[in-house]
Amino acid sequence: MISNPAQLRPIALANWLFFVAAMVIVMVAVGGITRLTESGLSITEWKPITGAIPPLSDAAWQAEFDLYKATGEYKNVTGPAGMDLAAFKFIYFWEWFHRLWGRLIGLAFALPLAWFWVRKAIPQGYKLRLVALLALGGLQGVFGWFMVKSGLNETMTDVSHFMLSLHFLTAMLTLGALVWVALDLRQFARGNKRMAHWTVTASWVGAVLCIQLLLAAWVAGLNAGLASDSWPLMQGRFIPEYDSSRGLLYAMTHDPYLIHWMHRWWAWVAVAALIVMARKVRPLERKASVAIHSAFGTQIVLGIATVMTGVSLWIAVSHQVVGALLVAAFVWAAHLLGRRV
């Protein structure tokens, strides 16, 4: 059924999606803190509803701590380091808050969606897209649990870096999709009901950027940021020593020194690709071009600072947040190019 044009609220819908996108960027920051404080394995169970309430008694806290003590991370790392209940409460907070913020994002999306739907305020062609965004957010939660589960055994001291990259890339996909649909709705409000198309430029620049994001997730998952505290050389060499005993492909997907090196230098390939996109989009919207240049310029500075400070918490988190902003700027530019098709 086609909604009555008088009831359509495209600007309200767009602003709502931008708000949810901002919440996703905050989630990226919280996720970064959770990872950098080694908090991700502190909650060993997935309780989508009751898990929103933290332990409220000494006995409940001790029960959670006992569950954590069964993990390989505690037995091999934090336990021998002398972790007590107070230290456990600190890491528990960040994982709990990370999951709580995910629940809040779900509510911030699902409840307004239901309201707009009932009010028949959603333009034709957008209902399926909004439902798909809701499903993508739910899938992100599922991937997050499987990521945590990959580290919950007596031998693992961290989650799988492959699962972490799946979780992170899904978050970036969700962020990009939210921005894209919001931009389409803004154009709808201006009288342009034609949705933007994905272009060839967006495809190849997006692929280059996706590789860099994948490498970033592997760096985080393998603690590879600690592989070097110098730039541009590593270990006084351009290409560091790495374990090649299982072949180059295995090293490229598992060795922290080589992955750190790839992330460090693939960044310049990404910069070149983004400059090409920025030049294409500049005649259409100068602000989008400026946003791309500002984001990748800041990102480079923060990346180098992260390395040279030995992965300082707040610099590393800022590096991750600006990466999310760079994704948003890329989607903005891709959308501008897609309006011409």
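Below, each value reflects all heavy atoms present in this structure, side chains not excepted, and no hydrogens, waters or symmetry copies. Because the structure is predicted, anything quoted here is derived from the model rather than measured.
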Exercise. Are Trp231 and Arg264 close enough, and set up right, to give a side-chain contact (heavy atoms from CB on, under 4.5 Å), and what steps lead you there?
Worked result: CA-CA 9 Å; Trp231 191 92; Arg264 180 180 290 201; 3.7 Å; yes
For this session: Check the pair Tyr242 / Ile259 against side-chain contact (heavy atoms from CB on, under 4.5 Å), numbers first and verdict last.
Result: CA-CA 10 Å; Tyr242 60 90; Ile259 290 173; over 6 Å; no
For this session: Could you tell me which non-hydrogen atom of Gly221 sits nearest to which non-hydrogen atom of Asp158, and how far apart they are?
Result: O-CB, 4.4 Å
Exercise. What do you reckon, is CH2 of Trp268 surrounded by more than 12 foreign heavy atoms closer than 6.0 Å?
Worked result: no
Exercise. Is a side-chain N or O of Arg9 found less than 3.5 angstrom from the main chain of Ile122, in a donor-acceptor match?
Worked result: no
Exercise. Do His293 and Ile275 come close enough that some side-chain heavy atom pair is under 4.5 Å?
Worked result: yes
Exercise. With no hydrogens and no angle check, is any side-chain donor or acceptor of Thr71 less than 3.5 Å from a backbone partner on Leu67?
Worked result: no
Exercise. Going hydrophobic residue to hydrophobic residue with side-chain gaps under 4.5 angstrom, can you get from Val307 over to Trp314?
Worked result: no
For this session: Please report the C-alpha distance between Val276 and Val205 in whole Å, then the side-chain angles of each, then the deciding distance to 0.1 Å, and finally whether the side-chain contact (heavy atoms from CB on, under 4.5 Å) criterion is met.
Result: CA-CA 9 Å; Val276 171; Val205 175; 5.6 Å; no
Problem set entry | Salt bridge Asp184-Lys193, side-chain N to carboxylate O under 4.0 Å | no
For this session: Take atom CG of Asp58 as the centre, draw a 6.0 Å sphere, and report whether it contains more than 12 heavy atoms from other residues, nucleotides or ligands.
Result: no
Problem set entry | Minimum heavy-atom distance Pro256-Leu222, with the two atoms named | CB-O, 4.2 Å
Exercise. Say you draw a straight line from OG of Ser39 to CD1 of Ile91; how long is it, rounded to the nearest 0.5 Å?
Worked result: 5.5 Å
Exercise. Are Leu302 and Met172 joined in one hydrophobic group, where the rule is that I, L, V, M, F, W and Y side chains link up if heavy atoms are under 4.5 Å apart?
Worked result: no
Exercise. When rounded to the nearest 0.5 angstrom, what distance separates CD in Gln140 from CG in Leu169?
Worked result: 9.5 Å
For this session: Decide yes or no for Asp243 and Tyr250: does some side-chain heavy atom of the first lie under 4.5 Å from some side-chain heavy atom of the second?
Result: no
Exercise. Should we say atom CD1 of Ile49 is surrounded by more than 12 heavy atoms from elsewhere, each under 6.0 Å from it?
Worked result: no
Problem set entry | Sub-6.0 Å ring centroid separation between Trp117 and Tyr126 | no
Problem set entry | Other residues, nucleotides, ligands: >12 heavy atoms within 6.0 Å of Arg286 CZ | no
Exercise. Any donor-acceptor pair under 3.5 Å linking the side chain of Thr34 with the backbone of Gly40?
Worked result: no
Donor-acceptor pairs are to be reported for all side-chain atoms of residues 20-30 against protein atoms at under 3.5 Å, with residues two or more places apart or in another chain.
none

Exercise. Do Leu128 and Met195 share a hydrophobic cluster (ILVMFWY, side-chain heavy atoms under 4.5 Å, transitive)?
Worked result: no
For this session: For the residue pair Leu166 and Met163, establish whether any side-chain heavy-atom pair is separated by less than 4.5 Å.
Result: yes
Exercise. Can you tell me if Ser203 uses its side chain to pair, donor with acceptor, with the backbone of Thr199 under 3.5 Å?
Worked result: yes
Seminar exercise, completed: Members sharing Leu173's hydrophobic cluster, built from side-chain contacts under 4.5 Å between Ile, Leu, Val, Met, Phe, Trp and Tyr, are Leu136
For this session: Measure from NZ or CZ of Lys89 to the centre of the six-membered ring of Phe93 and say whether it is under 6.0 Å with the direction within 45° of the ring axis.
Result: no
Exercise. Donor-acceptor pair, Trp180 side chain versus His335 backbone, under 3.5 Å?
Worked result: no
Exercise. What heavy-atom pair brings Val219 and His260 nearest, and what distance separates the two atoms?
Worked result: CG2-CA, 4.1 Å
Problem set entry | Within 6.0 angstrom of Lys69 NZ, more than 12 heavy atoms from elsewhere | yes
Seminar exercise, completed: Here the gap from Trp218 atom CH2 to Asn223 atom CG, rounded to the nearest 0.5 Å, amounts to 16.0 Å
Problem set entry | Minimum-distance pair of heavy atoms, taken over all atoms of Ala182 and Ala14 | O-CB, 3.5 Å
Seminar exercise, completed: CD1 (Ile33) and CD (Glu95) are apart, to the nearest 0.5 Å, by 12.5 Å
Problem set entry | For the student: nearest non-hydrogen atoms of Glu241 and Tyr257, plus distance | O-CB, 3.7 Å
For this session: In plain terms, say whether Lys47 and Glu45 are close enough for a salt bridge, that is, a side-chain N and a carboxylate O under 4.0 Å apart.
Result: yes
Exercise. Where does the angle between the aromatic ring planes of Trp61 and Phe88 fall among parallel (under 30°), tilted (30 to 60°) and perpendicular (over 60°)?
Worked result: perpendicular
Exercise. Backbone N or O of Thr309 within a donor-acceptor pair of the Ser312 side chain at under 3.5 Å?
Worked result: no
Problem set entry | Heavy-atom check, side chain of Thr44 versus side chain of Leu41, under 4.5 Å | no
Seminar exercise, completed: Output for pair (Trp198 CH2, Leu337 CG), nearest 0.5 Å, gives 10.0 Å
For this session: Report yes or no: do Asp66 and Gln62 form a side-chain donor-acceptor pair below 3.5 Å?
Result: yes
For this session: Indicate, with yes or no, if Val131 and Leu185 share a hydrophobic cluster defined by side-chain heavy-atom contacts under 4.5 Å among Ile, Leu, Val, Met, Phe, Trp and Tyr.
Result: yes
For this session: Could you grab the distance from atom CH2 of Trp332 to atom CE of Met277, nearest 0.5 Å is fine?
Result: 13.0 Å
Problem set entry | Heavy-atom pair of closest approach, residues Phe330 and Ala202 | CZ-O, 3.5 Å
Exercise. So, do Phe188 and Leu183 sit near enough that their side-chain heavy atoms are less than 4.5 Å apart?
Worked result: no
Exercise. Are any of the side-chain heavy atoms of Ile43 and Arg99 separated by less than 4.5 Å?
Worked result: yes
Exercise. Parallel, tilted or perpendicular: which describes the rings of Phe238 and Trp265, with under 30° parallel and over 60° perpendicular?
Worked result: tilted
For this session: Using a 4.5 Å cut-off on heavy atoms from C-beta on, say whether the side chain of Leu326 contacts that of Leu274.
Result: yes
Exercise. Side chains of Asn192 and Arg186: is there a donor and an acceptor less than 3.5 Å apart?
Worked result: no
Problem set entry | Donor-acceptor side-chain pairing of Tyr68 and Glu73 below 3.5 angstrom | yes
Exercise. For the hydrophobic clusters of this structure (ILVMFWY residues joined by side-chain heavy atoms under 4.5 Å, transitively), does one cluster hold both Leu111 and Ile105?
Worked result: no
For this session: Taking the side chain as every heavy atom from C-beta outward, state whether Met147 and Phe143 have any atom pair closer than 4.5 Å.
Result: no
Exercise. Taking Ser165 for the side chain and Phe162 for the main chain, is one N or O donor matched with an acceptor at less than 3.5 Å?
Worked result: yes
For this session: For the pair Arg35 (side chain) and Ala220 (backbone), establish whether a donor and an acceptor sit closer than 3.5 Å, ignoring hydrogens and angles.
Result: yes
For this session: Describe, in one word, how the ring planes of Trp16 and Phe116 are oriented to each other, choosing from parallel (under 30°), tilted (30 to 60°) and perpendicular (over 60°).
Result: tilted
